[in-house]
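Have a look at the structure below, then the notes.
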Amino acid sequence: MKFLLDTQLLLWAAGAPERLSTEARKLLNDPRDDLLFSAASLWEIAIKNTLGREDFRVEPRLLRRSLLDNGYAELPITGQHAVNIDSLPPLHKDPFDRMLLAQALSEGITFVTGDAQLARYPGSVRKV
């Protein structure tokens with residue numbers, strides 16, 4: 001199965017795996033699953049790191065390289081992803097999370113998040 005991870009799960013997987021739930025660890029370690037990360041997550045990390053956010057203290061270039069080296073696939077942002085945001089109900093205001101969700105739904109990929117509010121969206125969204 002293919003899973004697109006939200007930004008927080010990526011950060012925890014890379015730098016604080018003890019913060020991941022048991023279910024998240026199981027999903028990340030299952031060799032049958034294809035794990036993806038979005039260019040939107042790297043964009044979010046780069047912006048928030050530059051702004052000095054403590055919870056985004058990671059070098060996005062190193063994170064990207066590490067994710068690729070560990071078998072994750074990168075999902076680029078397309079125009080179709082961007083225009084599909086307008087079909088999402090207004091349950092969540094964060095533009096990065098909305099882009100990630102639009103990407104997953106557009107591509108038929110399960111979106112994996114720890115955010116209960118994001119998990120309320122219809123479609124293939126899984127809270128771990």
Side-chain angles (χ1 to χ4, degrees):
M1 187 165 221
K2 286 186 175 185
F3 296 106
L4 177 64
L5 276 66
D6 78 2
T7 305
Q8 195 62 61
L9 290 178
L10 286 174
L11 289 169
W12 289 349
E18 68 281 358
R19 297 190 71 181
L20 294 167
S21 68
T22 302
E23 185 179 355
R25 278 192 293 262
K26 191 183 301 185
L27 183 142
L28 294 173
N29 292 320
D30 190 334
R32 297 170 296 178
D33 294 333
D34 293 324
L35 304 175
L36 292 90
F37 68 95
S38 171
S41 289
L42 297 176
W43 180 22
E44 179 180 15
I45 291 164
I47 288 171
K48 292 180 179 178
N49 184 20
T50 301
L51 294 174
R53 288 268 307 260
E54 288 298 320
D55 52 340
F56 286 85
R57 288 273 182 224
V58 64
E59 194 346 280
R61 286 170 189 80
L62 294 176
L63 177 61
R64 180 179 182 271
R65 182 78 265 147
S66 176
L67 290 168
L68 291 170
D69 288 347
N70 284 289
Y72 287 70
E74 185 173 3
L75 181 61
I77 299 169
T78 68
Q80 189 63 53
H81 297 151
V83 299
N84 284 351
I85 288 174
D86 71 355
S87 66
L88 297 175
L91 301 175
H92 201 283
K93 295 186 187 297
D94 184 290
F96 296 107
D97 288 334
R98 290 176 62 80
M99 174 56 80
L100 293 170
L101 186 59
Q103 285 183 286
L105 295 174
S106 297
E107 300 295 330
I109 299 168
T110 300
F111 181 60
V112 182
T113 183
D115 185 327
Q117 192 173 2
L118 279 172
R120 292 178 40 217
Y121 276 95
S124 189
V125 181
R126 182 168 165 185
K127 183 179 179 307
V128 294

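In what follows, residues are counted from 1 in the order of the sequence shown. Here the structure is a predicted model, which is why all the values come from computation and not from measurement.
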Indicate the atoms forming the closest heavy-atom contact of [X] with [Y], along with that distance.
| X | Y | result |
| --- | --- | --- |
| Leu5 | Ser41 | O-OG, 4.3 Å |
| Pro76 | His81 | O-CE1, 3.3 Å |
| Ile109 | Leu4 | CG2-N, 3.4 Å |
| Val128 | Ala24 | CG2-CB, 3.6 Å |
| Leu100 | Ser38 | CD2-CB, 3.2 Å |
| Leu11 | Asp55 | CD1-O, 3.6 Å |

Item checked: Listed partners of Phe96 passing ring pair (Phe, Tyr, Trp, His ring centres under 6.0 Å), at least two apart ->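 Once residues adjacent in sequence are excluded, the partners of Phe96 under the ring pair (Phe, Tyr, Trp, His ring centres under 6.0 Å) criterion are Trp43.
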List the steps and the verdict of salt bridge (Lys or Arg N to Asp or Glu O under 4.0 Å) for Glu23 and Arg126. CA-CA 11 Å; Glu23 185 179 355; Arg126 182 168 165 185; 3.3 Å; yes
Report whether [X] and [Y] are members of the same hydrophobic cluster (ILVMFWY, side-chain heavy atoms less than 4.5 Å apart, transitive linking).
| X | Y | value |
| --- | --- | --- |
| Leu88 | Met99 | no |
| Leu75 | Met1 | no |
| Leu118 | Ile85 | no |
| Leu68 | Leu35 | yes |
| Leu36 | Leu10 | no |

Might you work through the side chain to side chain contact (heavy atoms under 4.5 Å, CB included) test for Leu105 and Asn84, ending with a clear yes or no? CA-CA 9 Å; Leu105 295 174; Asn84 284 351; over 6 Å; no
Are the side chains of Pro122 and Pro89 in touch, meaning some heavy atoms are under 4.5 Å apart?
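Side chain of Pro122 against side chain of Pro89, heavy atoms only: contact under 4.5 Å found.
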Q. Are any non-hydrogen side-chain atoms of Leu63 and Leu42 less than 4.5 angstrom apart?
A.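 They are in contact (side-chain heavy atoms under 4.5 Å apart), so the answer is yes.
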To the nearest 0.5 Å, what is the distance between [atom1] ([X]) and [atom2] ([Y])?
| X | Y | atom1 | atom2 | result |
| --- | --- | --- | --- | --- |
| Leu27 | Arg32 | CG | CZ | 10.5 Å |
| Thr7 | Glu44 | OG1 | CD | 4.0 Å |
| Gln103 | Glu107 | CD | CD | 7.5 Å |
| Arg25 | Glu18 | CZ | CD | 8.5 Å |
| Leu62 | Asp69 | CG | CG | 10.5 Å |

_Between Gln80 and Ser106, do the side chains contain a donor N or O and an acceptor N or O under 3.5 Å apart?_
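No, no side-chain donor-acceptor pair sits under 3.5 Å.
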- Query: Going by atom types only, do Arg98 and Tyr121 share a side-chain donor-acceptor pair under 3.5 Å?
  - Reply: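 Yes, side-chain donor-acceptor contact under 3.5 Å.
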Legend entry - Derivation of the side chain to side chain contact (heavy atoms under 4.5 Å, CB included) call for Val58 and Asn49: CA-CA 7 Å; Val58 64; Asn49 184 20; 5.8 Å; no
Counting distance only, does the side-chain N/O of [X] pair as donor-acceptor with the main-chain N or O of [Y] below 3.5 Å?
| X | Y | answer |
| --- | --- | --- |
| Glu74 | Phe37 | no |
| Thr50 | Ala46 | yes |
| Asp30 | Lys26 | no |

Can we say Lys48 and Asp94 salt-bridge, meaning some charged N sits less than 4.0 Å from an Asp/Glu carboxylate O?
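A salt bridge is present here (some side-chain N lies under 4.0 Å from a carboxylate O).
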Next on the checklist: Could you work out, with salt bridge (charged side-chain N to carboxylate O under 4.0 Å, His left out) as the rule, every residue matching Arg19, not counting sequence neighbours?
Outcome noted: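 Checked Arg19 against salt bridge (charged side-chain N to carboxylate O under 4.0 Å, His left out); zero matches.
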Could you please spell out the steps behind the side chain to side chain contact (heavy atoms under 4.5 Å, CB included) verdict for Asp33 and Lys2?
CA-CA 6 Å; Asp33 294 333; Lys2 286 186 175 185; over 6 Å; no
Would Asp6 and Phe111 count as a side chain to side chain contact (heavy atoms under 4.5 Å, CB included) here? Give the steps. CA-CA 7 Å; Asp6 78 2; Phe111 181 60; 3.5 Å; yes
